[in-house]
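First up is the structure itself, then whatever we jot down about it.
The residues of the chain are indexed from 1 along the displayed sequence. Just so you know, these numbers come straight off a predicted model, no measurement behind them.
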Amino acid sequence: MRKVVLFWVSCLVFLGMVGSVWASNNSKVKIYNPQGKLIKVYGYKKQPRQVELVSDILGDAGGKAEGKDNFLFKRPRHAKLKATYVLFQNGKRSKAKIYSNREALIKVKLLKVKVKLTKKQYRQLLDLSK
């Protein structure tokens, strides 16, 4: 189990390092409000900066997840869901739920990772949803 977790964390780190390189013309980001309503769509052809930003932030944050507590994650008790980001890149789908306490739940395939975003990352992601 530990090897599997380390493998997926390594994958997230790798994706964070080369996220902007892998962003292709078919990449896009969909942003949903807390009620699940689609509020923004960014495509790489027209908004490459926004797609690269989400890819880099999620990759960097996911790569910093350490310890079993980050992999056995439940929704924070007193935090409210701020937005959900769905990144489609190279035929793969990644999903991140951003909460009011700056915690993010990132899901790539079957792996869920809890991370604490920096203030700058948190602000950048929320600015994209406005």
Less than 4.5 Å apart, any side-chain heavy atom of L87 and any of V51?
yes

Quick one: are V54 and L128 in side-chain contact, heavy atoms under 4.5 Å?
yes

Quick one, K40 and Y32 - any side-chain contact, counting heavy atoms below 4.5 Å?
no

Out of curiosity, Y85 OH to I31 CD1, how far, rounded to the nearest 0.5 Å?
5.0 Å

Report the distance from atom CG of D127 to atom OH of Y122, rounding to the nearest 0.5 Å.
11.0 Å

Looking at every heavy atom in both A79 and S100, which two are closest together, and how far apart are they?
CA-OG, 3.4 Å

Would you mind reporting whether Q50 and L53 have side-chain heavy atoms less than 4.5 Å apart?
no

Do V29 and V41 make a side-chain contact, defined as non-hydrogen atoms from C-beta onward lying under 4.5 Å apart?
no

Would V86 end up clustered with L38 when hydrophobic side chains under 4.5 Å apart are linked, directly or stepwise?
yes

Less than 4.5 Å apart, side chain to side chain, heavy atoms only: is that true for R49 and Y42?
no

Does I98 reach the side chain of T84, with side-chain heavy atoms less than 4.5 Å apart?
no

Between Q121 and L117 (side chain of the first, backbone of the second, donor and acceptor by atom type, cut-off under 3.5 Å), is there such a pair?
no

Distance check, rounded to the nearest 0.5 Å: K82 atom NZ versus K97 atom NZ?
15.5 Å

Which residue, Q89, E52, K28, forms the side-chain hydrogen bond (donor to acceptor under 3.5 Å, both in side chains) with Y44?
E52

Nearest-0.5 Å distance that lies between atom CZ in R93 and atom NZ in K30:
9.0 Å

